[in-house]
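One structure below.
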Amino acid sequence: MGTIVTQEVYGINAASAADAVTAEISRLERLWSAFIPESEVSLLGARSGGAGVSVSAETAGVLAYAKGVWELSGGAFDVTAAPLIGLWREALARGSTPAEDEIAACRGLVGCGGLEFFPDGRVRLSRAGQRLDLGAIGKGAAADAAVRIYREAGIRSACVNLGGNVAVVGRKPDGSRWNVGIRDPAGGRGDCIRLYEAEDCSVVTSGGYERFAECGGRRYHHIINPLSGRPAESDAAGVTVISASSMEADAFSTAAFVLGMEKGSGLIEAREGARAVLVGARGEVRAVGSMGGLLRGC
Ligand code: AMP
Ligand code: MG
């Protein structure tokens with residue numbers, strides 16, 4: 001998944017549960033990676049415009065959820081944004097930005113309206129040239145799979161971190177909650193702006209500061225606004241979502257980042273059980289939903 005995975009697992013079955021999680025994350029990567037030509041995600045792209053592909057229940061489940069977030073976010077979150085993501089990635093790697101007509105051509109391929117589900121388990125991208133990118137939801141879905149494995153193994157204390165996508169089971173062995181730092185978007189790697197005391201939940205951040213390229217004196221980050229066809233010009237610097245489901249936290253943090261402070265807050269507010277910490281471009285912090293005293297300064 002292009003990231004580093006760390007696990008902290010306690011209990012009698014800790015070692016075997018951690019091994020099972022490592023194996024499961026590798027299995028999901030082989031289904032979902034856009035960089036593995038045989039993955040189900042790659043196949044769906046390669047056969048776009050055709051009759052569709054019979055995919056695993058896991059893949060169908062993530063894609064159906066993703067389409068739901070696309071609808072709820074008014075298209076801000078879109079797993080079919082791959083052509084635009086690739087266009088920007090390749091142009092910036094060459095030290096340039098894409099031309100308007102290239103952006104327009106890719107935009108015509110983007111939209112979950114073209115992502116179709118059939119009762120026999122087939123999934124199809126309806127327009128030839130459409131492609132998928134699960135970069136904004138796959139790590140969350142994998143973290144949920146990890147949590148299920150820990151619970152089935154009877155583990156009562158664990159923390160899995162997939163490149164900043166954190167999910168915890170229970171509390172730490174000493175009975176205290178897990179401290180998850182929310183990074184200060186304006187600071188360096190180790191600087192945090194808030195701490196969240198986590199227990200049986202996931203904490204996921206999406207931000208423009210994580211990965212970006214410089215071109216012509218401007219910064220371009222890796223999160224695209226599918227509606228404009230360009231890197232999202234968000235007034236948020238980072239959005240952290242806290243939820244029982246890591247897939248929800250992953251998808252909705254990306255969606256809220258694209259939407260910005262106002263609309264992003266509204267999106268999370270409407271979700272029962274989800275909470276968010278939005279950090280604005282000037283460092284202002286806005287909490288959405290009841291934190292129950294678990295959010296504090298660093
Ligand atoms: P995240 O770090 O979870 O916000 O995910 C960012 C990654 O998701 C990017 O590196 C792209 O691979 C992909 N992506 C970029 N923009 C979008 C978008 N608007 N909707 C869905 N996925 C996106
Ligand atoms: Mg995400």
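Each ligand, and each atom within it, is numbered from 1 in the order the structure gives.
Every atom of ligand 1 with a heavy atom of D133 under 4.0 Å away is listed here by number and element: 11 (C), 12 (O), 13 (C). Interface of S206 with ligand 1, defined as ligand atoms under 4.0 Å from a residue heavy atom, comprises 1 (P), 4 (O). Within ligand 1, the atoms closer than 4.0 Å to a non-hydrogen atom of I223 are 4 (O), 15 (C), 16 (N), numbered from 1 in the order shown. Taking a cut-off of under 4.0 Å to the non-hydrogen atoms of D250, the atoms of ligand 1 that pass are 3 (O). Each of the atoms 1 (P), 3 (O), 4 (O), 5 (O) of ligand 1 lies under 4.0 Å from some heavy atom of T254.
For the pair V123 and A60, the tightest heavy-atom approach, listed with the atom from each and the gap, is CG2-CB, 4.3 Å. Considering all non-hydrogen atoms of both residues, L84 and I103 come closest at CD2-O, 4.0 Å.
Within the 4.0 Å heavy-atom criterion, both parts of A136, backbone and side chain, lie near ligand 1.
The distance from the OG atom of S245 to the CZ atom of R271 is 8.5 Å, given to the nearest 0.5 Å. Taking CH2 of W178 as the start and SG of C201 as the end, the distance is 11.5 Å to the nearest 0.5 Å.
Considering R151, R177, R171 as possible partners of D200, the one that fulfils the salt bridge (charged side-chain N to carboxylate O under 4.0 Å, His left out) test is R151. Each of L195, L295, V239 was scored for a side-chain contact (heavy atoms from CB on, under 4.5 Å) with I182, with one residue passing: L295.
Within the structure, the closest approach of P226 to ligand 1 falls below 4.0 Å when heavy atoms are considered. At least one heavy atom of A76 sits closer than 4.0 Å to an atom of ligand 1.
Residue I85 has no N or O atom closer than 3.5 Å to an N or O atom of ligand 1. For T205, no nitrogen or oxygen atom sits less than 3.5 Å from a nitrogen or oxygen atom of ligand 1, counting backbone and side chain alike. For ligand 1, the polar-atom distance check finds no N/O of N225 at less than 3.5 Å from any of the ligand's N/O atoms. Ligand 1 has no N or O atom lying under 3.5 Å from any N or O atom of V79, backbone or side chain.
No side-chain donor-acceptor contact under 3.5 Å links S253 and S206. T22 and Q7 form a side-chain donor-acceptor contact under 3.5 Å, judged by distance and modelled atom types alone.
Look at K139 and the Mg ion (ligand 2): no N/O/S atom of the residue is under 2.8 Å from the metal. Contact annotation: T254 places an N, O or S atom under 2.8 Å from the Mg ion (ligand 2).
Residue, atom and distance of the protein heavy atom nearest to atom 19 (N) of ligand 1 are I224 O, 2.7 Å. Nearest to atom 20 (N) of ligand 1 among the protein's heavy atoms is D78 N, 2.9 Å.
Other residues, nucleotides and ligands contribute more than 12 heavy atoms inside 6.0 Å of the CD atom of E214. In this structure, R156 places its CZ atom where only 12 or fewer heavy-atom neighbours from other residues, nucleotides or ligands lie under 6.0 Å away.
Closest N/O/S atom of D250 to the Mg ion (ligand 2): OD1.
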task = Run the numbers on R286 and E262 for salt bridge (Lys or Arg N to Asp or Glu O under 4.0 Å), then give the verdict.
result = CA-CA 10 Å; R286 183 194 293 191; E262 279 306 318; 2.9 Å; yes

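Comparing heavy-atom distances from atom 2 (O) of ligand 1 across H221, H222, R89, K139 singles out H222 as nearest.
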